[in-house]
Amino acid sequence: MAAERGDHVMYWRERAACLHAEDPDLFFPIGHSGPTLGQIEEAKAICGRCPVMEQCLNWAVRVEQVEGIWGGTTESERRAIRRLEARRAAGIRVGTVA
């Protein structure tokens, strides 16, 4: 339980759709090509129906979660989000052509 860990902001995990997935390993694909792409898409589809997808993604980005599908994103997608947020925080204009 989240409260037992002293992390009251983690209650969203108790409502996560992935908790009811038949195979929890689905959310931890190994590799980035071939059959793994289907696994990633299947995990993302479950995330897409999840009532706490946004909280999950925000948490994964904030704690720099490296492994697995979190909030409907892969490790590389979250890394891109963190880079974008860092650029914005540094006042660098994002999405403009020099």
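Being a predicted model, the structure only gives us computed values, none of them experimental.
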Can you sort out the partners of A21 under side-chain contact (heavy atoms from CB on, under 4.5 Å), two or more places apart, ordered by chain and number? F27, I46

Heavy-atom donor-acceptor pair, R78 side chain to T73 backbone, under 3.5 Å: yes

Quick one: closest heavy-atom pair of [X] and [Y], and the distance?
{"X": "A16", "Y": "V52", "value": "CA-CG2, 3.7 Å"}
{"X": "C50", "Y": "A17", "value": "SG-N, 3.3 Å"}
{"X": "G31", "Y": "I40", "value": "O-CD1, 4.4 Å"}

Do V66 and L84 sit in the same hydrophobic cluster, where Ile, Leu, Val, Met, Phe, Trp and Tyr count as joined when their side-chain heavy atoms come under 4.5 Å apart?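 Different clusters: V66 never reaches L84 through Ile, Leu, Val, Met, Phe, Trp or Tyr contacts under 4.5 Å.
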
Please check if I30 and L37 belong to a single hydrophobic cluster, counting links between Ile, Leu, Val, Met, Phe, Trp and Tyr side chain heavy atoms closer than 4.5 Å. no

Got a sec, which hydrophobics cluster with V61, joining ILVMFWY side chains under 4.5 Å apart, including via others?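 Cluster partners of V61: L57, I81.
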
Scan residues 43-56 for pairs that pass side chain to side chain donor-acceptor pair (under 3.5 Å), counting only residues two or more places apart or in two chains.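 Listed by first then second residue: K44-E77.
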
Which residue pairs satisfy the side chain to side chain donor-acceptor pair (under 3.5 Å) criterion with at least one member in residues 24-42, sequence neighbours excluded? none

The salt bridge (Lys or Arg N to Asp or Glu O under 4.0 Å) partners of R79 (sequence neighbours excluded) come to E75

Got a second to check how far R15's CZ is from C56's SG, nearest 0.5 Å? 12.0 Å

Salt bridge (charged side-chain N to carboxylate O under 4.0 Å, His left out) pairs, two or more places apart, involving residues 63-73: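 The answer is none; no pair qualifies.
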
Ring-plane angle category for W59 and W70, please: parallel below 30°, perpendicular beyond 60°, tilted otherwise.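 If you compare the ring of W59 with that of W70, the planes turn out tilted.
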
